[in-house]
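Below is one structure, written out as structure tokens; the observations come after it.
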Amino acid sequence: MLRFFRRNKTRTEPKVDLPELAGSRYFPWVADLERMSFWRMAARLPSLMATALRWSWRASPRDTLVALVCNTAAGVLSGFVLVAITGVLHSLFANGPTPERIQAALPALLAAGAATVGRSALTSAAIWAQGRLSPQVDRVLQIELMTLVSQVKLESFDDSDYCDAIYRARDRGIFEARNMTDYTVDIITEIVGLVAVASVVTVLHPVLLPLLALTVLPAGWAAVRAARMRYTQLRRLSATNRHRYILGDMVSQRDAAAELRAYNMAPSLLAEYRRIASYVQQVMLAIVRRQTTTRATGDAVGGLVTLFTYLALLALLVQGLMPLAVAGAAYLALGRGKAALDRLVTAVNSCYEAGLYFADLLEACTESRRRTPAPAPNSLPSPLEQLTVTGVTFTYPGAQSPALNGVDLTLARGEVVALVGENGSGKTTLATLIAGLYTPQHGTIAWNGRDITTIDAHQLRERIATMRQDYTQWPFNARRNITMATDADTDPHRLQRALDLSGADEVIAGLDYGLDTLLDKRFAHGADLSGGQKQRIAAARGLYRQGDLLIADEPTAALDARAEKHLFDTLQAAAQGAAVLLITHRLASVRMADRIYVLEHGRVVENGTHDDLMGLDGLYAELYQLQADAYRAGGEALPQMSQPTQG
Ligand SMILES: Nc1ncnc2c1ncn2[C@@H]1O[C@H](COP(=O)(O)OP(=O)(O)OP(=O)(O)O)[C@@H](O)[C@H]1O
């Protein structure tokens, strides 16, 4: 085995042009696996099998019970068949006239026949139950994982280790969990069958049991070795395969299709893909060759040992140490026992392999539970009067420096507060914290004086409307994209108002099926929208909610000048007395704000009204002046700026 690893280390992996995609933690256990002996592998199995059975039980107690009971009973009947056949042979090889011997053998023969029929019926019932279990286990696990993932803290998705864990769990974990149930039942079945055969064999002659074990050893060795070759190949190809999948997505998915063509990326990406695919093929073919050689060696040695076993049987017979009837039964029992042992070794191997991925899934579930915030003991939020941010510091997972550092801010009902600052200064991060989606490491965000971490998160979010910078266009119809609710829960008056105020009514008017139009081009009759049209839908979404607090993060970045002016003019009125937190780079549009906070490198460096800040002659005045100058220069407006609304 060691030689195998060493020899393969010399193979040179293809040089990739996108090294940033190559690093992978998708299969963190493979190095561990390399060091692990088969016996250690087998020792870990019982706990994994027990967990798999628990999930099966949760999915369907009845089918789990039927699968286990029928398989166990079928195994016991296998032993009974052997005993009955021994009886048949005894009667047939006894002294006396043939008709009498046949007559004496008949009851055992009938019993063997009945047991065989019973075993077939039980096996069919077990297969039926196992077949039914698969989709049920799949459903239960899918729902469990999705439920857990949907509840984790938002910052979990900024942690690449967690994202990898979820990918692994969804990619293979769920699939292999189904197999785990099958293999677990198989192992239990084979063990029961084997115990039955071993008991019969031991009763027939004590020497037969060690002989039986001996015949299966070479094939078992070959199966373990071949399986581990497969794991090693997986380890060596994991990063390469991930790279290949990402490239495959780039070439085949809609999002990248336009740029792929615009920049003539296809030839270089395909060349990269071809190179990786050839490398994968080369490794796979080498493994197949080695696996075949190993299995052939195991089979050849196994054949020789089997021959030796049968010769030993013959010797016992010739020397009169074993009667002919017993030798015949032993011959049958050894054949059955070897087949059962072979299947057991295969099942243990497969179960272990599936167990690795299954363990990934369990780990992802545990990690998700760990990342789920505990329910807030303290109750519902009262209508917002004052929101206070005090000394808030927040660092993204894995980041070296904080995105926000000791930020203070206040916002009262009916006020419009603006956050401005250069790219990366922390505006969106602050807005996300205020929305209760991230939790600060230091400092507090208080809703009417109460820390929002002590308020029921679901209820709090119902009171906050957001127009996000990176809004999602959901694969739903236009109506649901705005209301984020089912048709039954939609308030038509609120919807109409949101459409009018956001300018989304014009977008809907242009759609083939109006509000019923599916906003996803990947599906039949789906529609695609322009960037600005999508943003109008996102603005309507924020306005439909009618929260106590409206957070508008760059709500007009993609809007044309008229639509932008319309939205800014109506924002405060549209919010109907709610507090408005506005983030925008269009400084002309924040002049009307009650207070403006200027952020730089995660800190508030200035705050006050527009006039206060202009008087300070600091960062705000500089940024404002830059935009104003651009308007004045040659009398031409910058394409992304609207005219000041006041003053
Ligand atoms: N998910 C994330 N993980 C790690 N760092 C992040 C993440 N999102 C933002 N950052 C970093 O946090 C800092 C603040 O980002 P933020 O998006 O809050 O800035 P912003 O002021 O909204 O910028 P912009 O004007 O470009 O929208 C930046 O340095 C950014 O690179």
Side-chain angles (χ1 to χ4, degrees), residues 20 23 25 149 152-167 371 389 391-409 411 416-443 445 464 466-472 531-532 534-535 538-539 542 549-559 564 567-568 580-590 593 595-607 613 618-620 622-624 626-627 630 638-642:
E20 65 277 15
R25 288 185 295 267
V149 171
V152 300
K153 289 182 186 165
L154 180 63
E155 47 262 53
S156 303
F157 294 97
D158 296 319
D159 184 337
S160 59
D161 283 345
Y162 179 70
C163 294
D164 276 357
I166 298 304
Y167 177 87
R371 290 169 178 270
V389 176
V392 159
T393 295
F394 179 79
T395 307
Y396 282 101
Q400 300 297 321
S401 51
L404 292 175
N405 202 341
V407 169
D408 297 327
L409 174 149
L411 173 59
V416 175
V417 163
L419 297 180
V420 302
E422 290 169 290
N423 293 135
S425 54
K427 303 180 294 296
T428 298
T429 308
L430 180 55
T432 312
L433 280 153
I434 289 174
L437 299 172
Y438 287 145
T439 313
Q441 285 97 14
H442 300 290
I445 298 169
I464 301 175
T466 52
M467 296 180 191
R468 290 189 57 78
Q469 190 179 25
D470 53 349
Y471 44 84
T472 305
K534 282 181 193 164
Q535 188 151 41
L549 169 62
L550 172 63
I551 299 175
D553 188 354
E554 290 287 352
T556 61
L559 298 188
E564 177 180 19
L567 189 71
F568 277 133
V580 178
L581 184 71
L582 173 65
I583 300 176
T584 181
H585 291 290
R586 322 287 171 92
L587 297 188
S589 308
V590 302
R595 239 177 350 280
I596 301 166
Y597 288 82
V598 184
L599 281 130
E600 189 175 34
H601 303 306
R603 292 177 187 276
V604 175
V605 289
E606 294 167 16
N607 79 84
L613 297 181
L619 180 59
Y620 177 84
E622 182 194 347
L623 295 174
Y624 189 88
L626 278 171
Q627 291 194 353
L638 281 177
Q640 287 213 328
M641 283 184 59
S642 65

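As the structure lists them, so they are numbered: ligands from 1, and atoms in each ligand from 1. These figures come from a predicted structure and were not determined experimentally.
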Looking at [atom], what's its closest protein heavy atom, distance included?
| atom | result |
| --- | --- |
| atom 17 (O) of ligand 1 | T428 CB, 3.7 Å |
| atom 25 (O) of ligand 1 | K427 NZ, 2.8 Å |
| atom 27 (O) of ligand 1 | Q469 NE2, 3.0 Å |
| atom 1 (N) of ligand 1 | D158 OD1, 2.8 Å |
| atom 24 (P) of ligand 1 | N423 ND2, 3.6 Å |

Just to be sure I'm reading this right: ignoring hydrogens, which of [options] gets closest to [atom]? Compare them by their nearest heavy atoms.
| atom | options | value |
| --- | --- | --- |
| atom 16 (P) of ligand 1 | T432, V420, L599, T429 | T429 |
| atom 3 (N) of ligand 1 | Y396, F394, F157 | Y396 |
| atom 14 (C) of ligand 1 | G424, G602, S401 | G424 |

Using a 3.5 Å distance criterion without hydrogens, assess whether the side chain of [X] forms a donor-acceptor pair with backbone atoms of [Y].
| X | Y | answer |
| --- | --- | --- |
| Q627 | H585 | yes |
| E606 | L619 | yes |
| N607 | I596 | no |
| K427 | G421 | yes |
| T584 | R586 | yes |
| Q535 | A558 | yes |

> Under 4.0 Å from any heavy atom of H585, which atoms of ligand 1 are there?
Replying inline: 25 (O)

>> When you measure from the heavy atoms of E155 to every atom of ligand 1, does any distance fall below 4.0 Å?
In response: no

> For G421, is the nearest heavy atom under 4.0 Å from an atom of ligand 1?
Replying inline: no

> Looking only at N/O atoms, are Y438 and ligand 1 under 3.5 Å apart anywhere?
Replying inline: no

> Has ligand 1 got any nitrogen or oxygen that is less than 3.5 angstrom from a nitrogen or oxygen of A403?
Replying inline: no

> Rounded to the nearest 0.5 Å, how far does OH of Y597 lie from CG of L430?
Replying inline: 10.0 Å

>> Just verifying a value: how many Å separate T432 OG1 and I551 CD1, rounded to the nearest 0.5 Å?
In response: 8.0 Å

> Heavy-atom distance from atom 30 (C) of ligand 1 to the protein below 4.0 Å?
Replying inline: no

>> Quick check on atom 19 (O) of ligand 1 - does any protein heavy atom sit closer than 4.0 Å to it?
In response: yes

> What part of E554 sits under 4.0 Å from ligand 1 if we count only heavy atoms: the side chain, the backbone, both or neither?
Replying inline: neither

> For ligand 1, does A399 get within less than 4.0 Å through its side chain, its backbone, both, or neither, judged by non-hydrogen atoms?
Replying inline: neither

> Which word best sums up how the rings of Y162 and F157 line up, parallel for under 30°, tilted for 30 to 60°, or perpendicular for over 60°?
Replying inline: perpendicular

> Crowded around R371 CZ? As in, over 12 foreign heavy atoms under 6.0 Å?
Replying inline: yes

>> With a 4.5 Å cut-off on side-chain heavy atoms, are I434 and L549 touching?
In response: yes

